Amino acid sequence: MQADVAQIDTKIEVVTPENIAFHYQVAGPARRAMAFLIDLVIRLGILFGVGCLTAVFGIVAGGVAILGYLIAYFLLDWFYGALFETFMNGQTPGKRVLGIRVLTVDGQPINGLQAVIRNVLRSVDLMPVLSLEMFGIPAPMYIIPTFMVGLVIMATNRRFQRLGDLVCRTMVVMEERQWLAGVARLDDPRAMRLADYLPADFQITRTLAQALAHYVERRGYYSEARRREVARHLGEPLLRQFGLPHDTSHDLLLCALYYRAFVADVGDEARRKVRQGESPFGPPDATAAAAAAGQFPRTWPLPQQQMVTLPPAAGPDAARIL
Amino acid sequence: MQLDRTRIAVRERGTMELLDISWHVLRCYGRPLLLTMLLGVLPLLALNHLLLGWLLTGVEFRSTWSLEEAGNVVRYVWNMSLLVFIEAPLASIAATAFLGQAVFLEQPKLRQLLRELLPLAPALAWCHLVVRGVLPAWLLLAMARGSQEYTGWEALLILLAMYAMGLRAFRPYINEIAILERLPLWKSRQAPMTLGRRSALLHNPSGADLLARWLCAALVACLLVLGVYGVCLFLSGVLLNQWRPTPLLLLLALPLSMWFVVGYIGVLRFMSYLDLRIRHEGWEVELRLRAEAARLASRLV
């Protein structure tokens with residue numbers, strides 16, 4: 001049973017010629033199918049509108065109106081995606097709704113030729129096309145696309161590229177909408193006091209710091225019992241190593257260690273901000289003043305609103321620490 | 001084994017991303033997943049043929065069918081769909097066991113996998129054959145065997161499928177809990193947590209989410225079965241000039257299309273299970289802390 005070695009994820013790394021690495025999350029068949037469906041609805045809506053206009057003008061112009069309709073149908077069918085992707089920087093309305101964008105595999109915006117070719121080649125990706133007659137319905141028209149060619153090709157490469165993407169060296173990625181979390185707020189002063197009891201010579205490794213940050217960011221979402229259960233794994237050996245009383249709260253110990261790693265050793269300004277609930281990565285004072293004057297939204301986005309709060313002192317563990 | 005260095009990136013994902021990454025997993029573990037799925041699928045394929053294949057014996061495959069022949073074909077397709085739906089988790093037991101180990105970069109041999117599954121057989125048999133209705137489904141179709149008309153037994157199969165549907169929508173991860181968490185069926189002094197209790201604890205808080213995900217997966221599964229079977233139909237038309245369903249298509253291609261999709265849905269279910277544990281239990285945080293504890297212990301040594 002052999003397998004590849006790289007981690008299986010939808011995130012990929014693109015390294016520029018300047019040796020700068022960007023991380024993108026590639027959009028797979030599910031998200032792209034949704035975007036396609038939205039675009040299909042828009043196209044059908046436009047065609048319906050054009051059809052109504054044709055019916056109205058058909059009374060006067062006759063065949064010319066029908067010719068106009070056929071031209072509109074042709075343009076929509078073949079160039080809808082290409083035009084939008086060229087002039088909306090790799091997005092169609094459907095892609096914009098789903099938050100995805102077409103880029104080259106080097107992370108650059110696509111050009112008009114790439115947009116046209118990848119959209120024209122969609123007609124291959126939607127193969128094989130079936131007839132209703134195959135299912136016993138007497139209508140010998142091949143109108144049911146299965147998209148199996150596209151799906152198989154997408155499933156067999158890491159960037160979820162369909163045939164059009166492979167030919168044009170493009171890929172579809174998710175637009176980044178992640179907030180960088182600041183330092184988590186520690187409301188409970190016991191964590192800060194406990195930090196003073198930790199041995200000064202204990203080296204917090206990079207992976208330990210990452211694990212602590214991960215724990216403190218997420219612990220607010222867990223129940224008290226689950227928090228104890230999770231913290232116990234690292235808390236127990238740390239307590240032994242530090243020579244602290246065995247009934248010290250593991251959760252508080254990890255918070256104290258987090259405080260040591262990210263706040264206490266960083267400086268007075270960061271410590272003040274964490275105590276006041278501000279992120280050390282917050283905006284400069286001028287920006288804050290502008291926000292206060294109503295020039296910017298006064299509420300900060302997700303990370304600040306979801307800051308982790310330690311529960312007030314309670315239970316035998318807390319009593320032991322204090 | 002380093003718990004925080006997993007082969008599949010462990011983090012929270014949305015439904016769309018889960019649908020997408022399942023294709024990656026299928027691609028990376030194509031061969032072992034095919035082998036483990038075949039372990040479950042081949043016996044069921046043969047058994048299903050025994051239970052339903054007789055419906056097509058009298059059907060002559062020409063351009064037009066008589067009403068009776070068409071009725072038998074529809075009956076076969078309908079019953080086969082219900083049966084495969086009910087049996088799907090049973091078929092993906094070995095694949096789930098493989099994925100559980102593959103997450104941590106283990107490369108289990110097939111024999112080793114089976115040896116590990118053997119002690120779990122009673123719990124799995126109880127869950128799938130009895131509780132999830134696989135055995136009753138076989139019995140119902142065995143009772144209906146040979147009847148030229150649609151029978152009450154087959155109508156009961158629909159009710160059974162609806163019951164299985166309810167269980168699968170609100171308790172989807174029974175395979176994962178039984179195989180990966182290795183919980184016993186009955187409570188004992190050594191193991192106070194049982195399979196049923198754990199299932200309730202994991203599933204109950206997120207019933208609405210699970211239902212939404214199940215509906216999404218069901219829709220994708222239906223579309224995929226139609227797509228894969230459509231490809232078989234298309235290939236039969238192009239290669240054999242047979243544009244209508246033939247015995248080969250109905251007896252082999254149709255069930256195989258369904259089983260292929262069962263394999264994909266099995267991977268999707270496993271990924272969704274990991275996601276649920278990450279969201280509700282902070283499983284990824286626990287892994288990181290446990291890995292750090294192991295590193296700390298090795299540093300001290």
Side-chain angles (χ1 to χ4, degrees), chain A residues 1-11 25-32 34 98 127-131 133-136 144 146-148 151 154-158 160 174 205 207-208 210-212 214-215 217-219 221-222 226-227 229-238 240-241 254, chain B residues 4-9 11 13 15-21 23-29 31-32 35-36 65 70 98 102 105 107-110 113 216 220 224 226-228 230-231 233-235 237-238 243-245 279-282 284-286 288-293 295-297 299-300:
Chain A
M1 294 192 180
Q2 296 292 317
D4 298 344
V5 183
Q7 199 174 40
I8 300 170
D9 199 357
T10 48
K11 286 191 174 165
Q25 187 182 327
V26 285
R31 206 175 289 267
R32 290 172 69 173
M34 287 297 292
L98 268 289
M127 290 287 169
V129 180
L130 304 179
S131 157
E133 210 174 18
M134 290 173 171
F135 299 95
I144 310 171
T146 57
F147 287 96
M148 281 295 137
L151 183 64
M154 281 169 104
T156 48
N157 68 77
R158 206 167 170 228
F160 287 129
M174 296 278 300
T205 60
T207 54
L208 178 59
Q210 284 172 343
L212 288 170
H214 208 158
Y215 172 73
E217 277 164 22
R218 294 292 307 275
R219 61 187 278 285
Y221 297 105
Y222 312 143
R226 181 64 186 153
R227 210 182 284 175
E229 199 179 359
V230 171
R232 182 178 55 85
H233 295 293
L234 187 56
E236 264 179 11
L238 281 175
R240 275 198 301 276
Q241 187 173 350
L254 296 194
Chain B
D4 58 347
R5 295 198 185 150
T6 51
R7 176 74 171 89
I8 300 171
R11 59 182 170 82
R13 298 172 202 275
T15 308
M16 295 273 188
E17 201 191 342
L18 287 172
L19 287 166
D20 290 341
I21 199 169
W23 290 112
H24 264 332
V25 176
L26 268 185
R27 178 177 61 87
C28 295
Y29 291 117
R31 195 165 155 264
L35 281 175
T36 47
W65 285 324
F98 168 77
L105 293 162
Q107 294 290 314
K109 297 265 179 276
L110 211 55
L113 214 61
C216 183
V220 169
L224 274 177
L226 286 177
V228 176
V231 170
L233 213 57
F234 181 81
L235 289 177
V238 170
W243 293 94
R244 297 291 306 271
R279 282 170 194 275
H280 286 275
E281 299 177 349
E284 90 289 22
V285 179
E286 186 179 351
R288 289 187 96 149
L289 293 188
R290 283 169 66 181
E292 276 312 311
R295 278 190 205 116
L296 198 67
R299 254 164 61 189
L300 289 176

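Not measured: the values here are computed from a predicted model. Residue numbers begin at 1 in each chain, while the letters A, B, ... track the order of the sequences. All heavy atoms count here, side chains included; hydrogens, waters and symmetry mates do not.
Note that the SG atom of B/Cys28 and the CD atom of A/Gln7 stand 11.0 Å from one another [nearest 0.5 Å]. To the nearest 0.5 angstrom, A/Leu212 atom CG is 10.0 Å from B/Arg288 atom CZ. Distance CZ/A/Arg232 to CZ/B/Arg290: 9.0 Å, rounded to 0.5 Å. Note that CG of B/Leu296 is 14.5 Å distant from NE2 of A/His233, once rounded to the nearest 0.5 Å. The distance from the CD atom of B/Glu286 to the NE2 atom of A/His214 is 12.5 Å, given to the nearest 0.5 Å.
Between chain A and the options B/Val231, B/Leu18, B/Leu26, B/Leu19, heavy-atom pairs under 4.5 Å are most frequent for B/Val231. Of the listed residues (A/Glu236, A/Arg226, A/Met174), the greatest number of heavy-atom pairs within a distance under 4.5 Å of chain B belongs to A/Arg226.
Contacts between A/Phe147 and chain B at a heavy-atom distance below 4.5 Å are absent for every atom of the residue. Contacts between A/Arg240 and chain B at a heavy-atom distance below 4.5 Å are absent for every atom of the residue. Contacts of A/Met154 with chain B are absent, with no heavy-atom separation under 4.5 Å from either backbone or side chain. At a 4.5 Å heavy-atom cutoff, the contact between A/Tyr222 and chain B is made by side-chain atoms alone. At a 4.5 Å heavy-atom cutoff, the contact between A/Arg31 and chain B is made by backbone and side-chain atoms alike. Both the backbone and the side chain of A/Leu238 have a heavy atom closer than 4.5 Å to some heavy atom of chain B.
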Working for side chain to side chain contact (heavy atoms under 4.5 Å, CB included), residues B/His24 and A/Phe160: CA-CA 9 Å; B/His24 264 332; A/Phe160 287 129; 3.7 Å; yes
CA sep, side-chain torsions, deciding dist, call: A/Leu254, B/Leu289, side chain to side chain contact (heavy atoms under 4.5 Å, CB included): CA-CA 10 Å; A/Leu254 296 194; B/Leu289 293 188; 3.8 Å; yes
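For B/Arg11, the side chain to side chain contact (heavy atoms under 4.5 Å, CB included) partners at least two apart in sequence or on another chain are A/Asp9, A/Thr10, A/Lys11, B/Arg13, B/Glu17.
The side-chain heavy atoms of A/Met148 and B/Leu224, taken from C-beta on, include a pair separated by under 4.5 Å. Between A/Thr205 and B/Glu292 the shortest side-chain heavy-atom distance falls below 4.5 Å.
The nearest pair of heavy atoms linking B/Tyr29 to A/Ile8 is CE1-CD1, 3.6 Å.
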